[in-house]
Novice: 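Handing you a structure now.
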Amino acid sequence: MAGNAYDPFRDPPPTRFGCSGLLFLLTLLVLAIASPYLTQQIMYRATLGRQQADVEVARKAIGEFKNTTESFRLVAQSIGPSVVHIDTEQIIRGARPIGDEMAYFFAPRRLSGQGSGVIIDKSGYILTNFHVIAQTSGLRVRLSDGREIREVTIIGTDAATDLAVLKIDADSLIPAVWGDSDQVQVGDWVLAIGNPYGLDRTVTAGIISAKGRHGIGQNLYQDFLQTDAAVNPGNSGGPLVNLAGEIVGINTAIVGEAYQGISFAIPSRMAREVFDQLRKSGSVARGWLGVQPQDLTPELADQLGVRGTTGAVIARVVPDSPADQAGLKDGDVIIKWDGAPVRDASDLTLKVAGTAIHTSVTALIIRGREEQKVEIKVGTRPTQLPQLK
């Protein structure tokens with residue numbers, strides 16, 4: 001009958017439609033709850049797929065790899081003449097007790113030390129560690145052919161990266177060849193060459209164990225290659241080379257007083273930049289932002305409303321610095337610098353230092369839980385940094 005017809009404007013929807021709508025809402029709720037888990041599983045699967053592909057490629061390449069022994073022999077042969085032995089002498093003046101009595105001896109003492117270096121240019125420029133030649137009152141360089149050079153000039157030093165450039169006047173020098181540390185991958189074979197405990201041109205082999213290590217030693221700028229090639233006192237300043245015989249790092253630090261399976265090298269990318277500047281001007285000019293950065297911990301991320309722990313938190317801003325002039329504030333989180341992601345405080349320090357002075361850079365920050373872009377004109381890092389109060 002016409003009077004009993006369903007009127008969509010007056011009558012409620014049929015019961016079966018209501019059940020379908022309820023089921024749809026429940027499905028959305030379940031998906032919302034499960035979404036993070038599903039996303040994580042998808043990411044795991046994608047990573048696993050890439051890893052399986054990498055393993056297949058690697059195993060195929062390993063089957064084609066023939067003679068490691070010959071490679072090591074040829075690399076040692078090619079780099080050995082470029083490695084030098086550095087002897088240092090430091091004169092200590094002042095009183096020191098003698099015997100069991102309250103007597104003091106006032107004659108100066110001579111403390112000797114040693115390290116390694118590598119010839120970078122046939123005109124006599126040598127790269128080594130700053131800590132090898134720091135506070136020395138005398139230097140002597142011994143070449144692979146037995147020559148001893150006593151007139152050694154310190155061209156420049158950079159304590160921030162623990163590097164120094166020396167100059168000797170000698171002919172028939174054989175310089176080493178630079179390699180690209182950015183192309184080195186974890187698992188690659190490397191050789192360390194130096195003079196551990198005075199044993200000239202000792203060759204040890206290992207692999208790249210990790211890249212981008214920091215928080216080690218006193219260097220301000222740290223982006224170390226980690227390796228298990230044996231490095232001991234006296235190796236400092238010597239080269240770390242790939243199987244092409246190219247410098248990919250400068251050996252600089254170990255864990256503990258002697259080798260324990262872990263050693264660190266300054267990557268050639270950084271070492272080469274510092275060498276070029278020290279050779280040219282005797283010092284290194286770096287970009288400066290003027291902040292005291294710290295790592296973004298989970299606790300700080302929660303407080304500041306940041307997802308994840310990637311980025312660097314500004315703990316303090318130096319007054320009248322480039323950061324201050326750009327309007328950066330305490331508590332800002334820098335997540336990108338000139339378009340590149342910022343991993344942590346150390347990564348921000350490296351990125352700023354490597355930025356050309358007086359150039360303008362866009363930084364992406366998080367402030368008040370919102371992203372903002374800030375234009376910053378990079379300054380010159382002062383020799384003495386201002387003291388923050």
Novice: Quick check: is Ile79 connected to Val203 through a chain of hydrophobic side chains (ILVMFWY, heavy atoms under 4.5 Å apart)?
Specialist: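 In one cluster with Val203: Ile79, yes.
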Novice: Honestly curious: do Ile366 and Val342 fall in one hydrophobic cluster under the side-chain, below-4.5 Å linking rule?
Specialist: no
Novice: Heavy atoms only: give me the nearest Gly290-Ala323 pair and the separation to one decimal.
Specialist: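 Shortest heavy-atom separation between Gly290 and Ala323 comes out as O-CB, 3.9 Å.
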Novice: Please confirm whether the backbone N or O of Ile207 pairs with a side-chain atom of Thr227, one donor and one acceptor, at under 3.5 Å?
Specialist: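 Checked: pair present.
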Novice: Could you tell me whether the side chain of Thr310 and the main chain of Arg343 form a donor-acceptor pair under 3.5 Å?
Specialist: no
Novice: Quick one: do Ile365 and Glu371 satisfy side chain to side chain contact (heavy atoms under 4.5 Å, CB included)? Show the steps, please.
Specialist: CA-CA 6 Å; Ile365 70 168; Glu371 292 187 0; over 6 Å; no
Novice: Given side chains that start at C-beta, do those of Val291 and Val318 come closer than 4.5 Å, heavy atoms only?
Specialist: no
Novice: Would you find a donor on one side and an acceptor on the other, under 3.5 Å apart, between the side chain of Asp295 and the backbone of Ala312?
Specialist: no
Novice: For a 4.5 angstrom cut-off between non-hydrogen side-chain atoms, does Thr204 reach Ile193?
Specialist: no
Novice: Would you indicate whether Gln372, at its atom CD, is surrounded by more than 12 heavy atoms from other residues, nucleotides or ligands within a distance under 6.0 Å?
Specialist: yes
Novice: For Ile126 and Val141: C-alpha separation, side-chain torsions, deciding distance, then whether side chain to side chain contact (heavy atoms under 4.5 Å, CB included) applies.
Specialist: CA-CA 10 Å; Ile126 295 170; Val141 170; 4.1 Å; yes
Novice: Passes side chain to side chain contact (heavy atoms under 4.5 Å, CB included), Leu240 versus Ile247? Steps please.
Specialist: CA-CA 6 Å; Leu240 185 73; Ile247 302 173; over 6 Å; no
Novice: Mark yes when over 12 heavy atoms from residues, nucleotides or ligands other than Glu151 sit less than 6.0 Å from its CD; otherwise mark no.
Specialist: no
Novice: How long is the gap from CD on Gln292 to CG on Asp330, to the nearest 0.5 Å?
Specialist: 9.0 Å
Novice: Determine whether a donor-acceptor pair (N or O, by modelled atom type, separation under 3.5 Å) exists between the side chain of Thr128 and the backbone of Ile133.
Specialist: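 A pair under 3.5 Å: no.
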Novice: So which atom in Gly115 and which in Val132 form the shortest heavy-atom distance, rounded to 0.1 Å?
Specialist: CA-CG1, 4.0 Å
Novice: How about NZ on Lys336, more than 12 heavy atoms from neighbouring residues, nucleotides or ligands closer than 6.0 Å, or not?
Specialist: no
Novice: Enumerate, atom names and distances included, each donor-acceptor pair closer than 3.5 Å involving a side-chain atom of residues 270-279, sequence neighbours excluded.
Specialist:
unit_1 : atom_1 : unit_2 : atom_2 : d
Gln277 : OE1    : Ala285 : N      : 3.0
Arg279 : NH1    : Asp121 : OD2    : 3.2

Novice: Testing the basics here: between Thr157 and Phe130, what is the closest heavy-atom pair and its distance to 0.1 Å?
Specialist: CB-CD1, 3.5 Å
Novice: Is Leu348 reachable from Val374 through a run of I, L, V, M, F, W or Y residues, each pair having side-chain heavy atoms under 4.5 Å apart?
Specialist: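 Yes, it is one cluster - the side chains of Val374 and Leu348 are joined through contacts under 4.5 Å.
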Novice: Linking I/L/V/M/F/W/Y whenever their side-chain heavy atoms sit closer than 4.5 Å, directly or via other members, would Leu304 and Val317 fall into one cluster?
Specialist: no
Novice: Should the pair Asp87-Arg142 be classified as a salt bridge under the 4.0 Å nitrogen-to-oxygen rule?
Specialist: yes
Novice: Tell me whether Ser181 contacts the main-chain N or O of Arg269 through its side chain, where contact means a donor paired with an acceptor under 3.5 Å.
Specialist: yes
Novice: Where is the tightest heavy-atom contact between Ile254 and Pro233, given as atom of each residue plus distance?
Specialist: CD1-CD, 4.4 Å
Novice: Is there a donor-acceptor contact under 3.5 Å linking the side chains of Ser116 and Asn195?
Specialist: yes
Novice: Are the side chain of Glu89 and the backbone of Ser112 linked by a donor-acceptor contact shorter than 3.5 Å?
Specialist: no
Novice: Which heavy atom of Pro322 sits nearest to which heavy atom of Ile376, and what is that distance?
Specialist: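 Nearest heavy atoms, Pro322 then Ile376: O-CG2, 4.1 Å.
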Novice: Do Leu300 and Asp302 make a side-chain contact, defined as non-hydrogen atoms from C-beta onward lying under 4.5 Å apart?
Specialist: no
Novice: Hey, what's the ring geometry for Phe224 with Phe264, parallel, tilted or perpendicular (30° and 60° as the breaks)?
Specialist: tilted
Novice: Less than 4.5 Å apart, side chain to side chain, heavy atoms only: is that true for Tyr221 and Thr349?
Specialist: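 They are in side-chain contact.
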Novice: Are the side chain of Arg150 and the backbone N or O of Leu139 linked by a donor-acceptor pair below 3.5 Å?
Specialist: no
Novice: Rounded to the nearest 0.5 Å, what separates atom CD in Glu299 from atom OG1 in Thr309?
Specialist: 10.0 Å
Novice: Atom OG1 in Thr161, atom CG in Asn129: separation rounded to 0.5 Å?
Specialist: 9.0 Å
Novice: Would you say the side-chain atoms of Thr355 and Trp337 include a donor-acceptor pair closer than 3.5 Å?
Specialist: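 Yes.
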Novice: Kindly give the heavy-atom pair with the smallest separation between Asp228 and Ser209, and that separation in Å.
Specialist: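 Heavy atoms of Asp228 and Ser209 come nearest at N-OG, 3.5 Å.
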Novice: Can you tell me how far CD1 of Ile119 sits from CG of Leu127, rounded to the nearest 0.5 angstrom?
Specialist: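 Going from the CG atom of Leu127 to the CD1 atom of Ile119 covers 12.0 Å.
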Novice: Carefully, step by step, assess Ser321 and Asp324 under the rule side chain to side chain donor-acceptor pair (under 3.5 Å).
Specialist: CA-CA 5 Å; Ser321 66; Asp324 189 27; 5.5 Å; no
Novice: Would you say Asn251's side chain and Ser236's backbone share a donor-acceptor pair under 3.5 angstrom?
Specialist: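 Not at all, since once roles are kept as given, no pair shorter than 3.5 Å links the two residues.
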Novice: Just by distance, no angles: are the side chains of Thr252 and Asp162 close enough, under 3.5 Å, to form a donor-acceptor pair?
Specialist: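 Distance-only check passes for Thr252 and Asp162.
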Novice: Measuring only between side-chain heavy atoms, which start at C-beta, is Leu191 closer than 4.5 Å to Leu243?
Specialist: yes
Novice: Ser82: which residues meet the side-chain hydrogen bond (donor to acceptor under 3.5 Å, both in side chains) condition with it, sequence neighbours left out?
Specialist: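 By the side-chain hydrogen bond (donor to acceptor under 3.5 Å, both in side chains) rule, Ser82 matches no residue at all.
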Novice: For Asp344 and His214, which I'm curious about, is there any donor-acceptor pair between the side chains at under 3.5 Å?
Specialist: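 Indeed, the side chains of Asp344 and His214 share at least one donor-acceptor pair under 3.5 Å.
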Novice: Taking Ser268 for the side chain and Trp178 for the main chain, is one N or O donor matched with an acceptor at less than 3.5 Å?
Specialist: no
Novice: Would you call Lys373 and Glu375 a salt bridge, using N to O less than 4.0 angstrom?
Specialist: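 A salt bridge is absent here (no side-chain N lies under 4.0 Å from a carboxylate O).
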Novice: Between side-chain atoms of residues 165-174 and protein atoms elsewhere (two or more places apart, or another chain), which donor-acceptor pairs fall under 3.5 Å?
Specialist:
unit_1 : atom_1 : unit_2 : atom_2 : d
Lys167 : NZ     : Ser123 : O      : 3.0
Asp171 : OD1    : Arg147 : NH1    : 3.0

Novice: Output yes when a side-chain donor or acceptor of Asn242 lies under 3.5 Å from a complementary backbone atom of Ala244, and no otherwise.
Specialist: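 Here the side-chain-to-backbone pair exists.
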Novice: Quick one: does Ile262's side chain get under 4.5 Å of Gln226's, heavy atoms only?
Specialist: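 They are in side-chain contact.
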Novice: Given the rule in the salt bridge (charged side-chain N to carboxylate O under 4.0 Å, His left out) test, do Asp188 and Lys211 qualify, once you have shown the distances and angles that lead to the verdict?
Specialist: CA-CA 11 Å; Asp188 286 356; Lys211 298 178 66 176; over 6 Å; no
Novice: Start with the C-alpha gap between Leu163 and Ile266, add the side-chain angles, then the distance that decides, and say whether side chain to side chain contact (heavy atoms under 4.5 Å, CB included) holds.
Specialist: CA-CA 9 Å; Leu163 290 169; Ile266 301 164; 3.6 Å; yes
Novice: Under a 4.5 Å side-chain heavy-atom rule over Ile, Leu, Val, Met, Phe, Trp and Tyr, are Phe72 and Val190 clustered together?
Specialist: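 Different clusters: Phe72 never reaches Val190 through Ile, Leu, Val, Met, Phe, Trp or Tyr contacts under 4.5 Å.
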Novice: Which value, rounded to the nearest 0.5 Å, describes the distance between Asn235 atom CG and Gln114 atom CD?
Specialist: 10.0 Å
Novice: Does atom CD of Gln135 have more than 12 heavy-atom neighbours from other groups under 6.0 Å away?
Specialist: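 It does not: Gln135 CD has 12 such atoms or fewer within range.
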Novice: Looking at side-chain heavy atoms only, is the closest gap between Arg286 and Asp158 below 4.5 Å?
Specialist: yes
Novice: To the nearest 0.5 Å, how far apart are CZ in Arg213 and CG in Leu225?
Specialist: 11.0 Å
